[in-house]
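Reviewing the structure listed below.
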Amino acid sequence: MKFSQKLLLWTTIIIALTLGVSGYYFVNYVFETSLAREIDQALDENSILRFAFETAALNVPVKYDLLQDGSVEQIASNLEISGQSTGRLIRISDEEKESLYVSDGFETDDELLHMTDENIYSYRVISVGDRYYIQTGRSVNAMGRVLYLETLRDVSQVFEERAMGFMVYRRLMILMLIFGIVIMYFIASRLTKPIRLLMRATKEMAAGDYGYRAKQVSSDELGRLTQDFNHMSEVLEETIGQLEAEVQAREDFVGAFAHELKTPLTSIIGYADMLRSRKLDEEKSLLSANYIYTEGKRLETMSLRLLDIIVTKKDGAKVQKVQAESLFEYLRSMFLPNEEMVFDFSYDQALVQADVSLIQTVLVNLLDNACKASEQGGRIEVVGREEPGGYRFTVRDYGIGIPEEELSKITQAFYMVDKSRSRSRNGAGLGLALCTEILALHGSRLEIESTPGEGTAAGFVLQAEGKEDGHEEIDS
Ligand code: ATP
Ligand code: MG
């Protein structure tokens, strides 16, 4: 059963019970009050009749010591006539509780009469056929006799009114119930609308539409739930997007890797086959062996670089405070001045947050790329500057540069702008991918600016701890 239907059912049950019970008590209360009033009136009437009887008895001519039965009948008959308009019936009985006078229609047993005596008056409500009466009984003292006067008052009207009250209330209750159900139907469907919308959203998401959001139609707890659900969906969509991108990147990586593996292997196999299948002259043999060697070297570089990436990802970075100077000293020792390149080191003194060997790897890669991009005798500047956000390293060359549309791709594994040029310089297309990994571990990223034909500036910012005084510029 649907939640809204349950809500409707329970509300209907509660309304019906409340209306039923309160209606029953109300109609019954009115009935009880009316009946009590009728009983009071019946008792009053009996008192008045007794008084009238006793007065009439006093007026009977004194012929006998005791009131004669005939006189009793006469008085009773007069009393009955006086009360005819109200439909009241009477019965007079003697000391032995034998009837002396009975109105026509006074048909009831003697039970009440037997309960009545000189000191006790009584009453009861009885039904005769389909009519209801209040019967009262009381003793009357008249001329030395103790008689019993009973009255019968028709109160069928009160009972009919009660039955009518119940019927009217029943109809009213049915009307109110129908009205209540219609109103509750709309309220229940409005209240449960957020739930229906959420159910739809979960279905859509389960079917793969992660961008689907539930519409928020209220600001109560269900509205909050919708908000939270939508927030959860956003996070989920983002995570799934990331996972998909990661899977795609992995697929691309495997594809590129297989391709990069195939090229040197094809050369190696080709030249090795040539060497073993025919006798080559010395020059050709040397050339073939050289190809095999260089391609083998390239494979070695590639596998080492890949290993670096894997190890870096797995081990993470052990970041500590390092003198920027020590990093530059290392670079100076690695890239000694030679005829091919001019290196220009310039840096501020500072303590930077770095994993020394990993940042050395990044800088060496950037310098390596700069060298590969430069003409013979080219100038390469390596700069370290403090800035508000930390400490910036920049490696600038004046070489071939990178076209703008390639900039976003060169950090992908195995991506090389000019494959043959990079390969001829023993490039595997993995250097910048490794740099990106390492910088991510330092909470930083690679920033490359380049103009084809003019040169490239590749840099990154590390967190810097405290400034040391002095500013040193070193050229070599
Ligand atoms: P590896 O670094 O693995 O030996 P690689 O240098 O070719 O090989 P990356 O360092 O990842 O690979 O660089 C990717 C590509 O980006 C290079 O092949 C080159 O085309 C381009 N590139 C990188 N740095 C520069 C630069 N300073 N000037 C011009 N092109 C560059
Ligand atoms: Mg490189």
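Just so it is clear, the values below take in all heavy atoms, side chains as well, and ignore hydrogens, waters and symmetry mates. Numbering of ligands and ligand atoms starts at 1, following listing order.
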Under 3.5 Å: donor-acceptor pair, side chain of [X], backbone of [Y]:
{"X": "Ser326", "Y": "Val322", "value": "no"}
{"X": "Ser288", "Y": "Tyr271", "value": "no"}
{"X": "Gln5", "Y": "Lys2", "value": "yes"}
{"X": "Ser47", "Y": "Leu43", "value": "yes"}

What count do you get for protein N/O/S atoms less than 2.8 Å from the Mg ion (ligand 2)?
1
With heavy atoms only and a cut-off of under 4.0 Å, state how [X] meets ligand 1: side chain, backbone, both or neither.
{"X": "Val417", "answer": "both"}
{"X": "Lys372", "answer": "side chain"}
{"X": "Ile410", "answer": "both"}
{"X": "Ala373", "answer": "side chain"}
{"X": "Met302", "answer": "neither"}
{"X": "Asp397", "answer": "side chain"}

Taking only heavy atoms of Leu430, which atoms of ligand 1 are found under 4.0 Å from at least one of them?
1 (P), 3 (O), 8 (O), 11 (O), 12 (O)
Enumerate the atoms of ligand 1 whose separation from the nearest heavy atom of Arg305 is less than 4.0 angstrom.
1 (P), 2 (O), 3 (O), 4 (O)
Test the Arg379-Tyr398 pair against the cation-pi criterion, namely NZ or CZ under 6.0 angstrom from the six-membered ring centroid and within 45° of the ring axis.
no
Pairing donors with acceptors under 3.5 angstrom, does anything connect the side chains of [X] and [Y]?
{"X": "Thr108", "Y": "Arg124", "value": "yes"}
{"X": "Thr151", "Y": "Thr136", "value": "yes"}
{"X": "Arg385", "Y": "Ser346", "value": "yes"}
{"X": "Tyr415", "Y": "Glu406", "value": "yes"}
{"X": "Thr192", "Y": "Arg196", "value": "yes"}

Just need the protein heavy atom nearest to [atom], so name the residue and atom and give the distance.
{"atom": "atom 8 (O) of ligand 1", "answer": "Gly429 N, 2.9 Å"}
{"atom": "atom 29 (C) of ligand 1", "answer": "Ile402 CG1, 3.4 Å"}
{"atom": "atom 15 (C) of ligand 1", "answer": "Tyr415 O, 3.6 Å"}
{"atom": "atom 18 (O) of ligand 1", "answer": "Ser422 OG, 2.8 Å"}
{"atom": "atom 11 (O) of ligand 1", "answer": "Leu432 N, 2.8 Å"}
{"atom": "atom 23 (C) of ligand 1", "answer": "Asn369 ND2, 3.5 Å"}

Within a reach of under 6.0 Å around CE of Met274, are more than 12 heavy atoms found that belong to other residues, nucleotides or ligands?
yes
Suppose we call two aromatic rings close when their centres sit under 6.0 Å apart. Are Phe328 and Phe393 close by that rule?
yes
Measuring centre to centre across the rings, with the benzene-like ring taken for any Trp, is Phe253 within less than 6.0 Å of Phe414?
yes
Look at ligand 1 and say whether Gly399 reaches it with a heavy atom at a distance under 4.0 Å.
no
Any N/O pair Ala433/ligand 1 closer than 3.5 Å:
no
Polar proximity ligand 1 side, Gly431 side, N/O cut 3.5 Å exclusive
yes
Residue pair Tyr121, Asn46: steps toward the side chain to side chain contact (heavy atoms under 4.5 Å, CB included) verdict:
CA-CA 10 Å; Tyr121 73 90; Asn46 187 304; over 6 Å; no
